[in-house]
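See below for the structure under consideration.
Per chain, numbering begins at 1; letters A, B, ... match sequence-line order.
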Amino acid sequence: MSPRTGRTARAGQYAALMCYLVFLAFPFLWLISTAFKPARELGSLHPTWIPEDPTLDNFRQAFDEQPLLRAAANSLTAALCAALIAVVIATPMAYVMARHRGRLSTAATGWVVVSQAFPFVLVIIPLFLVLKYLHLINSLWGLILVYVVWSLPFALWMLAGYVRAVPPELEEAAAVDGAGKARILISVTAPLLAPGIVATALFAFITAWNEFFFALVLLKTPEKQTLPVVLTHFLGAEGVADLGPLAAAAFLATLPSLVLFAIIQKRITGGLTAGAVKH
Amino acid sequence: MTLATATERSGRKNPQGGRGEGRRRDGAAWFLVLPALIPILILSVGPLVYGILLAFTDAQSGRTRSTQWIGALNFQDLLHDTLFWDSFRIGLLWAVGVTVPQFVLALGLALLLNANLRMRWLARALAIIPWAMPEVVVGIMWRLVYNPDAGILNETIRDLGLGDGRDWLTGLATALPAVIVVGVWAGMPQTTVALLAGLQNTPHELHEAAALDGAGAWRRFRTVTWPAIRPVALAISALNFIWNFNSFALVYVLTSGGPGGRTRLPMLFAYEEAFRYGQFGYAAAMGCVMVAVISVLLAVYLVGRLRGGEDA
């Protein structure tokens, strides 16, 4: 590449990058701006980017209008339980998928791939009937069960990638030293997998925290509903929304997943890469 | 079983273990798999089968006990249900309309992120935001952007002197394009990350060799980069198509399917049919049709692309 064409190409690349930055950032910046604007500015026909008179009133009003704390507690419970149960039951299966050749692991891997394209429509009605039969409609436990199964494919995918990254020689060496299979799994493999397990659990947590469709169908009363469902109540029946509190509540609901995602971002992309490439 | 033990044996590193050990290892594997397998069978495979069966019944909410087998009647009704086919057409338009620009934009961003640029970390951080956000919040956020009076989009249009702007989400002509833009924005990160992963596995030497041979940027992309990322690109666009076709939350929050059904995706239609009107059997039949058509379309697409790849 000659230096001259190199420089114009560089300039073009930076210009393109700037366009992406604007496109990606502006809706989010607008959400934040709206959340901090007083009612007077929100009513203005010429909205500004930066609130002239920033206020926290919208946040206060949001908590007054809807049971946000209750909803956040519900979301937290559902997401935490789902994430913990999912990794506890997925880790052994992922180990088999990564290490054990045979029909079992082939079938498991096949299911993981197919379920990525899982048709929710076809599943939600029977699931509703099954949970109704079990008296788990309008119950967080019913939702947790659904979230566990729903987060399993990706959890298995990520975890199997992490297991493959642990050299089998380590396990073999421990076996030569006379350690039993269970002992090896607990004292050799598990500690090496720990960071991957944490990353997977956090990802499962975020997915459950953000989930809307199942929560909408399965939770009926406002006391049981999770944050995303309660957020839609701000929109009102006719789509007429109180913009300030709506923006404030939406902004708050995003913070936990944004923070967690920032923490595990590298591991997620790493896990994705490992899964996609080594397969 | 013989097949399993055969692969089992050939896969084993230490030749001392006989058949007995193989079976024992299988037993241990089952033991490890069961905790995940049982919930999967009860809450995912089971409902899937149950859902297909429901499509052949007249199941309705409130009277599921007296449900009767009615054969293919639901499917016959669906065939003549113009509203369903309208929503199916909108679903396809939406899925293609989101998947294609999403892929093109994500590829561009992935190439930029892969190049050695200064603002890269910022772009990487920003590109994660749509991924981490709850879909409901994405919908709410863009409603604020599109808001006819207090939104930034119309204000920008007014500032640039391009007119008064419009009510994007409730206009018959603008609603679908407006939600498609949101869909593209929301789904870009996953696609970008997947493509970036593919790019980073492209051997660097090949690029340099091609450059030394005097190949221009486009030629290098076509002969070196694209072949390397093609499998990832194919897989991610197929998945994106399915995900988009099945999407719900975003459009539910943005337009609830309006105006006049112009953005009523099949999922929204099936949801209303099942949980507003209680027509479980009919909605299940819709689900079956959606899955069947999508599977066929994808199979044709994938086979076509794979063949095309072999010829090239």
Side-chain angles (χ1 to χ4, degrees), chain A residues 1 13-14 16-17 20-21 24-25 27-28 30-31 34 42 45-47 89-90 92-93 95-96 100-104 116-117 119-123 125-127 129-130 145-146 148-149 152 181 206 210 212-213 217 228 231-232 243 246-247 250 253-254 257-258 261 265 269 272-273 276-277, chain B residues 4 7-8 11 29 32-33 35-36 39-40 43-44 47-48 50-51 54 64 108-109 112 115 117 119 122-123 126-129 132-137 140-142 144-145 149-150 152 155 193-194 197 201 211 232 239 242 246 248-249 253 267 270 274-275 280 283-284 286-288 290-291:
Chain A
M1 209 185 272
Q13 283 178 327
Y14 276 110
L17 196 63
Y20 277 107
L21 293 183
L24 289 167
F28 191 59
W30 187 245
L31 175 74
T34 311
L42 286 168
L45 272 178
H46 287 285
I89 66 178
M93 183 159 170
Y95 182 82
V96 172
H100 187 93
R101 287 156 209 243
R103 211 158 41 170
L104 194 59
Q116 284 302 304
F120 286 156
V121 236
L122 208 48
V123 175
I125 299 165
L127 207 50
L129 293 174
V130 170
L145 277 178
V146 174
V148 167
V149 175
L152 274 178
K181 193 72 189 165
I206 296 170
N210 291 351
F212 177 66
F213 183 58
V217 173
L231 282 182
T232 60
L243 298 180
L246 174 71
T254 311
S257 35
L258 270 184
F261 216 97
Q265 189 245 105
T269 49
L272 251 184
T273 325
V277 175
Chain B
T7 45
E8 166 87 77
L32 290 174
V33 165
I40 287 172
L43 287 169
S44 143
L48 193 62
Y50 188 7
L54 270 178
T64 38
L109 183 57
L112 285 174
L117 299 180
M119 308 278 276
L122 184 59
L126 283 177
I128 291 299
I129 290 182
M133 279 183 124
E135 273 186 293
V136 168
V137 175
I140 289 173
M141 190 175 71
W142 279 87
L144 299 173
V145 169
D149 303 319
I152 191 64
E155 181 59 15
V193 166
N201 283 299
V232 177
L239 276 177
I242 300 176
N246 287 331
F248 177 82
V253 174
M267 270 292 274
F275 295 102
F280 283 171
M286 283 182 190
C288 287
M290 281 168 64
V291 174

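When all heavy atoms of B:A150 and A:L243 are compared, the pair lying nearest together is CB-CD1, 3.8 Å. Scanning both residues, B:P39 and A:V149, for their nearest heavy atoms gives O-CG2, 3.7 Å. The two atoms that bring A:A247 and B:L144 nearest to each other are CB-CD1, 3.7 Å, heavy atoms only. When all heavy atoms of A:Y20 and B:L109 are compared, the closest pair comes out as OH-N, 3.3 Å. For the pair B:A132 and A:N210, the tightest heavy-atom approach, listed with the atom from each and the gap, is O-ND2, 3.0 Å. Shown here for B:V145 and A:P27, the closest heavy-atom pair between the two residues is CG2-CA, 4.0 Å.
Options B:M267, B:M290, B:E155 differ in how many heavy-atom pairs under 4.5 Å they form with chain A, and the most are formed by B:E155. Contact count versus chain B (heavy atoms, under 4.5 Å) is highest, among A:A25, A:P92, A:A16, A:A90, for A:P92. Residue with the most contacts toward chain B among A:P228, A:A250, A:P47: A:P47 (heavy-atom pairs, distance under 4.5 Å). Highest contact tally toward chain B, considering only A:T34, A:T254, A:T232, is held by A:T254 [criterion: heavy-atom pairs under 4.5 Å]. Taking chain A as the reference chain and counting heavy-atom pairs below 4.5 Å, the highest number among B:L32, B:L126, B:D149, B:V253 is found for B:L32.
With a 4.5 angstrom heavy-atom cutoff, B:L239 touches chain A only via side-chain atoms. Of the two parts of B:V291, only the side chain, counted from C-beta on, holds a non-hydrogen atom closer than 4.5 Å to a non-hydrogen atom of chain A. Contacts of A:L42 with chain B are made by backbone atoms alone, with heavy-atom separations under 4.5 Å and no side-chain atom involved.
Here the CG atom belonging to B:L122 is positioned 5.0 Å from the CG atom belonging to A:L21, to the nearest 0.5 angstrom. Note that CG of A:L17 and CG of B:L117 are 6.0 Å apart. Values are rounded to the nearest 0.5 Å. Atoms CD1 and CH2, from B:I152 and A:W30 in turn, are 4.0 Å apart once rounded to the nearest 0.5 Å.
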Before giving the answer on side chain to side chain contact (heavy atoms under 4.5 Å, CB included), spell out for A:L31 and B:M133 the whole-Å C-alpha distance, their side-chain angles and the decisive distance to 0.1 Å. CA-CA 12 Å; A:L31 175 74; B:M133 279 183 124; 4.1 Å; yes
Evaluate A:F28 against B:M141 for side chain to side chain contact (heavy atoms under 4.5 Å, CB included), listing each step before the verdict. CA-CA 7 Å; A:F28 191 59; B:M141 190 175 71; 4.2 Å; yes
Might you work through the side chain to side chain contact (heavy atoms under 4.5 Å, CB included) test for A:L129 and B:L54, ending with a clear yes or no? CA-CA 11 Å; A:L129 293 174; B:L54 270 178; 3.8 Å; yes
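You'll find the side chain of B:I129 stays beyond 4.5 Å of the side chain of A:L24, heavy atoms only.
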